[in-house]
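When reading the values below, keep in mind they use all heavy atoms of this one structure, side chains included, and skip hydrogens, waters and symmetry mates. Computed from a predicted structure; not experimentally measured.
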Amino acid sequence: MNALPQEGPAIDGAFLRRWLDAATQAVDREADHLTELDSPIGDADHGANMRRGFLAARTAVEQEPPDTPGAVLVAVGRQLISTVGGASGPLYGTLLRRAGKELGDEPVVTAARLRDALRAGVDGVAQLGGAAPGDKTMLDALLPALDALTGALDAGGSTAQALAAAATAADEGAEATTPLRARKGRASYLGERSVGHRDPGATSAALLVTALADTAREASA
Amino acid sequence: MNALPQEGPAIDGAFLRRWLDAATQAVDREADHLTELDSPIGDADHGANMRRGFLAARTAVEQEPPDTPGAVLVAVGRQLISTVGGASGPLYGTLLRRAGKELGDEPVVTAARLRDALRAGVDGVAQLGGAAPGDKTMLDALLPALDALTGALDAGGSTAQALAAAATAADEGAEATTPLRARKGRASYLGERSVGHRDPGATSAALLVTALADTAREASA
Amino acid sequence: MKMLINVPETVVADALRGIAAAHPELTVDVEHRVIVRKGAPYEGKVGLVSGGGSGHEPLHGGFVGRGMLDAACPGEVFTSPVPDQMSRAAAAVDSGAGVLFIVKNYTGDVLNFDMAAELAEDEGVQVAKVVVDDDVAVTDSTYTAGRRGTGATLFVEKLAGAAAEEGAPLDRVAGVARRVNEASRSFGVALTACSTPSKGGPTFDLPEGELELGVGIHGEPGRERRAMMTSGEIADVSVEAVVEDLKPDAPVLLLVNGMGGTPLLELYGFAAEVHRSLAERRISVARTLVGNYVTSLDMAGSSVTICQADEELLRLWDAPVSTPALRWGC
Amino acid sequence: MKMLINVPETVVADALRGIAAAHPELTVDVEHRVIVRKGAPYEGKVGLVSGGGSGHEPLHGGFVGRGMLDAACPGEVFTSPVPDQMSRAAAAVDSGAGVLFIVKNYTGDVLNFDMAAELAEDEGVQVAKVVVDDDVAVTDSTYTAGRRGTGATLFVEKLAGAAAEEGAPLDRVAGVARRVNEASRSFGVALTACSTPSKGGPTFDLPEGELELGVGIHGEPGRERRAMMTSGEIADVSVEAVVEDLKPDAPVLLLVNGMGGTPLLELYGFAAEVHRSLAERRISVARTLVGNYVTSLDMAGSSVTICQADEELLRLWDAPVSTPALRWGC
Ligand SMILES: Nc1ncnc2c1ncn2[C@@H]1O[C@H](COP(=O)(O)OP(=O)(O)O)[C@@H](O)[C@H]1O
Ligand SMILES: Nc1ncnc2c1ncn2[C@@H]1O[C@H](COP(=O)(O)OP(=O)(O)O)[C@@H](O)[C@H]1O
Ligand SMILES: [Mg+2]
Ligand SMILES: [Mg+2]
Ligand SMILES: [Mg+2]
Ligand SMILES: [Mg+2]
């Protein structure tokens with residue numbers, strides 16, 4: 001007797017501010033792990049970078065809370081760009097700014113609208129960084145997440161269910177970067193030696209998607 | 001039935017050249033140990049210094065062998081001064097040059113004459129370095145050695161026996177530097193922390209005296 | 001790993017306060033992380049702006065001054081600076097003659113400088129950009145982020161800086177910078193990994209008997225691990241790598257660079273072997289610079305950079321320079 | 001411990017070949033181990049000769065040139081040079097105006113320079129000698145070899161060098177040197193031991209959580225071992241030690257010196273704390289120099305040296321100097 005698909009929570013400014021909170025906590029908690037991952041195939045700073053960026057973003061958003069979902073994403077994106085640096089700053093910043101702009105000033109959006117906005121943001125990442133799927137980057141977590149999100153929504157899943165599916169796909173995508181050889185970013189300098197290590201950016205991307213799923217679950221609980 | 005004191009070997013140029021050979025071998029063999037001793041209370045170079053100096057001295061003496069005992073000691077002293085550096089170079093160099101000058105150009109000398117010459121050399125070390133007995137320096141091996149040498153000769157011991165007694169006294173003197181607090185040289189900077197370490201210079205001094213004893217023993221055997 | 005720091009979070013800000021205290025000839029904006037040459041903008045002079053992650057000192061802040069950079073933007077350790085820093089620096093040094101961004105080729109640096117260029121242009125500053133990519137250890141540029149920018153950055157900053165000081169217009173200054181980059185090659189070797197404040201320990205582990213060939217300057221491992229070699233062997237491998245790739249047919253500028261943890265005594269000995277190795281390949285050296293200039297925190301190791309020089313580049317090299325880390329002729 | 005060397009026995013000779021290759025403005029006698037300023041002796045100018053064990057680079061060879069030393073004599077690593085080197089150097093730089101020996105206060109250095117002075121005087125060279133002993137970590141000078149010569153050596157060489165360049169006679173140059181030494185104090189801290197080529201590993205062991213206060217520059221342990229401190233705390237201990245002893249009542253020259261293994265990024269942060277600590281004690285700083293100048297191979301750590309300056313010393317400090325490691329005003 002499986003539960004009937006039920007309508008999810010309203011995706012409004014408050015929802016995304018809760019997401020920012022969850023994401024910041026997750027990044028802060030996992031920072032050392034992310035930096036660990038960035039050591040063998042990078043320069044050991046990804047955790048510090050993400051923590052710095054999200055703490056700044058949360059502070060900014062708390063000081064003057066934007067009220068539309070789009071405004072929240074744009075504000076977070078701007079903060080990441082102006083506080084993170086490195087490769088991940090402009091990339092995540094672009095993702096969120098593009099997605100936020102896409103949502104315009106609608107006070108409440110559907111899961112499908114959010115999905116489309118995130119799709120636009122991820123396209124922005126691909127454009128800016130020039131990476132393709134399988135290059136061992138954050139895209140390898142983001143793209144599967146988008147596909148899972150789409151699939152679950154098309155199958156009539158609730159927002160919470162769809163985002164949960166996206167989180168799972170992002171995790172699997174991040175996990176699947178381990179055997180890959182990096183073709184973009186610092187890890188690419190290692191050539192074959194990049195094989196066997198999990199990509200830090202794909203791992204942080206999964207954290208952000210998981211935070212989205214958690215926010216939806218708690219909202220609909 | 002103790003053996004009667006027998007006259008020792010002739011102390012001539014050849015004798016001191018054999019001593020140089022034995023001393024060089026001993027220093028070369030013990031170099032790493034001397035450097036080890038110089039690490040905790042010095043600058044970890046005494047073994048390298050002594051090896052460099054004695055290898056140079058042996059080469060020089062081999063190239064044009066001086067034929068009097070005095071000439072050999074002066075030649076070795078000069079080489080040490082111009083190749084060792086550090087504190088030990090001028091000090092050992094002065095010891096041997098003074099002693100050699102003291103012997104003048106006599107072709108063969110008695111143990112008593114050698115003793116007096118070495119006494120003059122050791123006085124030179126005390127003068128130049130300004131160290132007193134118990135300051136945890138090479139003097140703490142050299143002075144006991146001279147006293148033992150004197151005592152044994154006065155007691156009618158043979159050259160070999162007297163030098164053997166000197167070697168034993170030098171070893172004991174070096175060993176006895178361990179509990180001392182250094183008042184001269186690098187080790188003095190450590191103050192109380194110099195206690196509990198054997199002095200490298202006293203240790204190398206004992207090696208040189210022992211080489212003298214070995215040379216006499218082999219000669220009289 | 002012990003470090004002479006307060007807390008990892010303030011390492012860059014603390015260093016900036018120290019630079020401000022030690023160098024009255026520089027204007028240091030600790031809050032916005034921009035180091036500017038006093039008196040900038042200089043009338044009619046093209047402004048040179050560089051920057052990158054911290055941990056490579058004296059690069060870049062130590063190269064701000066007459067005849068070299070007008071401003072430097074330090075990021076967090078091994079993390080490229082953010083766009084706001086470079087756009088702020090551009091505004092501070094632009095006299096109207098335009099600004100050249102000198103960017104080491106790393107994804108992060110390129111992306112952040114690009115965004116900064118957009119911001120600066122929005123504010124009416126004319127910006128040209130040169131990307132330095134001299135590291136021959138990165139072999140296939142198609143399946144990587146491309147060659148890294150390392151030691152040649154010093155040559156680009158010095159020579160383009162001298163051109164700007166002579167009053168050359170933006171396109172010529174940028175032209176010199178590109179020409180220098182194209183004429184330069186580098187190869188780095190690590191005897192130890194470095195330790196970053198945020199990680200608190202070595203970024204990778206390198207056993208006693210081994211070294212890494214072809215390392216970058218961010219504590220990342222190199223392309224190949226080998227059994228420990230002598231100074232002469234390391235010189236031969238390094239020289240072979242850069243000469244093989246550049247095939248110089250004129251005298252070169254030579255930088256024998258220390259990664260930070262290698263004593264100057266050893267570095268000079270290595271420089272002797274590099275000269276020997278170049279001479280064996282019939283390559284003459286016009287100028288030699290030996291020292292820790294493009295470092296990787298406390299990493300022990302070295303890099304060799306050569307730049308094929310012509311008359312103009314030699315003149316620009318010898319031109320007066322007065323910065324904290326490079327100074328002559330004035 | 002991995003080193004960028006061929007074999008320990010040739011480390012000093014290899015470095016001298018490298019110095020020769022990198023510095024055409026110096027004459028390097030590799031066989032006799034003397035580094036001389038090109039063009040010496042300079043008519044009527046007092047010659048300055050210094051030297052000491054190797055492993056402290058750029059001291060002393062990096063300070064040979066206009067406005068500083070005329071010659072330097074490098075010994076083996078941490079081993080004072082031999083008399084023949086200094087007497088040879090004296091002969092090479094004496095114009096008839098006499099030669100000043102600048103000697104760091106270590107038994108070995110003092111004995112060898114003394115013997116060299118005898119040799120030089122035998123050859124008719126007038127020799128004056130100044131012994132540098134600025135290290136306040138050596139507390140009782142009666143029961144020790146006396147205070148060690150460390151960072152103040154740079155001040156003595158720079159300021160006496162400037163006086164000689166101005167044409168001051170031997171007694172005045174020696175007078176300046178002594179005055180500078182008396183007005184200077186230093187205190188050093190080690191976070192790690194250094195490794196000498198001959199030993200092949202650390203000269204003492206210093207566990208992760210601890211540091212050594214009051215270290216010299218020869219890899220010897222200090223006077224006291226403490227639990228690891230922050231940069232600010234180390235600055236306070238160092239500043240307290242030198243100020244307490246010198247009690248300066250005029251602006252000071254400040255050297256924030258790296259022991260070799262500490263990254264410049266950290267050293268500048270430490271310099272900020274030293275300035276803060278001096279300001280808290282109402283001591284104003286006239287000039288600041290930050291960098292690795294008087295090193296102990298790869299030792300991580302720092303030393304602080306202050307020199308109370310008067311008008312004349314400030315003028316001599318600002319006077320032109322052109323050496324491999326210290327250069328300004330020309
Ligand atoms: N060109 C690119 N496209 C997409 N993602 C990239 C690209 N380059 C790097 N990344 C991501 O950025 C992560 C590294 O981020 P971070 O360590 O913060 O920056 P940096 O590499 O500059 O130190 C990588 O793990 C990877 O997932
Ligand atoms: N003033 C002195 N008088 C006598 N012997 C001394 C004096 N100073 C040092 N020594 C001896 O020299 C030894 C150190 O020699 P060495 O390590 O070769 O020179 P350095 O101390 O210059 O490195 C010490 O162990 C000590 O025995
Ligand atoms: Mg990174
Ligand atoms: Mg010693
Ligand atoms: Mg980075
Ligand atoms: Mg020594």
Between the CG atom in Leu265(C) and the OG1 atom in Thr196(D), the distance rounded to the nearest 0.5 Å is 11.5 Å

Provide the closest heavy-atom pair for Ile5(D) versus Glu266(C) in the form atom of the first, atom of the second, distance. CG2-CG, 3.8 Å

Sort by residue number and list every member of residues 284-297 of chain C having a non-hydrogen atom under 4.5 Å from chain D. Thr288(C), Val290(C), Leu297(C)

Is there any residue in residues 209-217 of chain C with a non-hydrogen atom under 4.5 Å from a non-hydrogen atom of chain D, and which ones are they? Glu210(C)

Heavy-atom nearest pair, Met3(C) first then Met228(D), reads O-CE, 3.3 Å

Under 4.5 Å from any heavy atom of chain C, what part of Ile19(D) do you find: side chain, backbone, both or neither? both

Could you give the distance from CD (Glu273(C)) to CZ (Arg17(D)), rounded to the nearest 0.5 Å? 5.0 Å

Checking heavy atoms, do the side chain of Val256(C), its backbone, both or neither come under 4.5 Å from chain D? neither

Closest approach of Ala272(D) and Gly18(C), non-hydrogen atoms and distance? CB-N, 3.5 Å

Nearest heavy-atom approach of Pro207(C) to Lys2(D) is O-NZ, 2.9 Å

Check each atom of Leu4(C) against the heavy atoms of chain D and say whether the ones under 4.5 Å are side chain, backbone, both or neither. both

How far does CG of Asp14(C) sit from OG of Ser231(D), to the nearest 0.5 angstrom? 6.5 Å

Report which part of Leu16(D) has an atom under 4.5 Å of a heavy atom belonging to chain C: side chain, backbone, both, or neither. neither

Nearest heavy-atom neighbours spanning Glu57(D) and Leu264(C): CB-CB, 3.8 Å

Short question: side chain of Arg327(C), backbone of Arg327(D) - any donor-acceptor pair under 3.5 Å? yes

Given heavy-atom pairs under 4.5 angstrom as the criterion, report whether the side chain, backbone, both or neither of His56(D) touches chain C. neither

Ala300(D) portion near chain C, given a 4.5 angstrom heavy-atom threshold: neither

Contact origin within Pro58(D) toward chain C - heavy atom pairs under 4.5 Å: both

Distance-minimising heavy-atom pair for Pro324(C) and Tyr268(D): CB-OH, 4.5 Å

